[in-house]
Amino acid sequence: MAILYALVARGKTVLAQFTSTSGNFPTVTRFLLARIGDRGMPHGGGEAGGQKMSIVYDQHVFHYVVDSSGGGQGQSSSSSSTSSPLIYLCMVDDAENKRRLAFLFLEEVQRRFMSTFGEAAYTAIAFAMNESFSPSLKAMMDFYNADPSADNLRQLRTKIDDTKSVMVENIDQVLARGEKIELLVDKTDRLSQQAVQFKRQSRRLQQSMWWRRLNRSLLLAFVLSLAIFLFTALGCGGFDFHRCKK
């Protein structure tokens, strides 16, 4: 399958387009846009990504996605209900009927287009985005036409989205336990402060016990020295030690 032509339109108004070949398909696509607009669809209906359809014309197949979920959120309710939906359309050759890859391409176009222009797409004039978005259409067409891994792009994005959902859920659970964590941190701080105070008190107690032992030792040595002096004085006849001198 090769994507030959792609466009973004609001109703019958083409906003941007790109083609890698020549032919009368731009005229055909205008006719198809008119048919799509005549069909219409309930506002906000269809799938999350929009109404997806395929039309076979001659040797080519046209795939398109109709996104009527917008309509300009910043506009009034009356204008929003009557505004034309955005249409993302591509034309492929019928060599291989890979509708999935074509719609992956259209979803990528839709995502990039809305992230780039947003609400401006609902009020822009014809081909207002063509100069700026046509190179993006070309780059996406080249990628989906040449890269065999393009079909795995959606699977990869799905895995990434699932991972994000799990991460957000884990963060929510952590935030829900935030108060308990704060209480635990406060208790830990108090225990740490008590441990520091206990260490200081232990050092003071050790120093106090050491001074007490030192005082007792000095007092005991003084008493023993005094006793020895008194006994010696008595044995020598008094404090003048006259007996010992002879």
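- The distance from the CG atom of Leu220 to the CG atom of Asn215 is 12.5 Å, given to the nearest 0.5 Å.
- Through direct or relayed side-chain contacts under 4.5 Å between Ile, Leu, Val, Met, Phe, Trp and Tyr, Leu205 connects to Met209.
- Annotation for Pro85 and Asp67: closest pair CB-O, 3.6 Å, computed over non-hydrogen atoms.
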Requested in this report: Could you walk me through whether Met129 and Val8 pass side chain to side chain contact (heavy atoms under 4.5 Å, CB included), step by step?
Outcome: CA-CA 9 Å; Met129 288 82 174; Val8 180; over 6 Å; no
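- Here the CD1 atom belonging to Ile36 is positioned 4.5 Å from the CD1 atom belonging to Ile87, to the nearest 0.5 angstrom.
- The only member of Arg213, Gln207, Gln206 that meets side-chain contact (heavy atoms from CB on, under 4.5 Å) when paired with Trp210 is Arg213.
- Taking a 6.0 Å sphere around CG of Leu226, one finds it holds more than 12 heavy atoms contributed by other residues, nucleotides or ligands.
- Contact between Tyr5 and Met141 at its shortest, heavy atoms only, is N-CE, 3.8 Å.
- Remark: the backbone N or O of Leu4 is paired with a side-chain donor or acceptor of Thr19 at under 3.5 angstrom.
- Contact check for Val92 versus His63: side-chain heavy atoms found under the 4.5 Å cut-off.
- Between Tyr64 and Tyr88, the distance separating the two ring centers is not shorter than 6.0 angstrom.
- One finds a salt bridge joining Glu107 and Lys52 here, because a Lys/Arg side-chain nitrogen approaches an Asp/Glu carboxylate oxygen to under 4.0 Å.
- Shown here for Ile125 and Leu15, the closest heavy-atom pair between the two residues is O-CD2, 3.5 Å.
- The heavy-atom pair separating Ala121 from Phe113 by the smallest distance is CB-CE2, 3.5 Å.
- Between atom SG of residue Cys90 and atom CZ of residue Phe103 there is a gap of 7.5 Å, rounded to the nearest 0.5 Å.
- More than 12 heavy-atom neighbours from other residues, nucleotides or ligands sit within 6.0 angstrom of CZ on Phe127.
- Judged by distance alone, the side chain of Ser202 and the main-chain N or O of Phe198 form a donor-acceptor pair under 3.5 Å.
- Between Leu7 and Gln17 the shortest heavy-atom distance is CB-CB, 3.8 Å.
- Judged by distance alone, with hydrogens and angles left aside, the side-chain atoms of Ser115 form a donor-acceptor pair with the main-chain N or O of Arg112 at under 3.5 Å.
- For the pair Ile3 and Ser20, the tightest heavy-atom approach, listed with the atom from each and the gap, is O-OG, 4.0 Å.
- Without hydrogens or angle criteria, Asn145 side chain to Ala2 main chain gives no donor-acceptor distance under 3.5 Å.
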Given the rule in the side chain to side chain contact (heavy atoms under 4.5 Å, CB included) test, do Met114 and Leu86 qualify, once you have shown the distances and angles that lead to the verdict?
CA-CA 10 Å; Met114 291 307 298; Leu86 294 179; 3.5 Å; yes
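- Leu101 and Val56 fall within a single hydrophobic cluster, where Ile, Leu, Val, Met, Phe, Trp and Tyr are joined by side-chain heavy atoms under 4.5 Å apart, directly or via other members.
- Looking only at distances, no side-chain donor or acceptor of Arg99 sits under 3.5 Å from a matching main-chain atom of Ser54.
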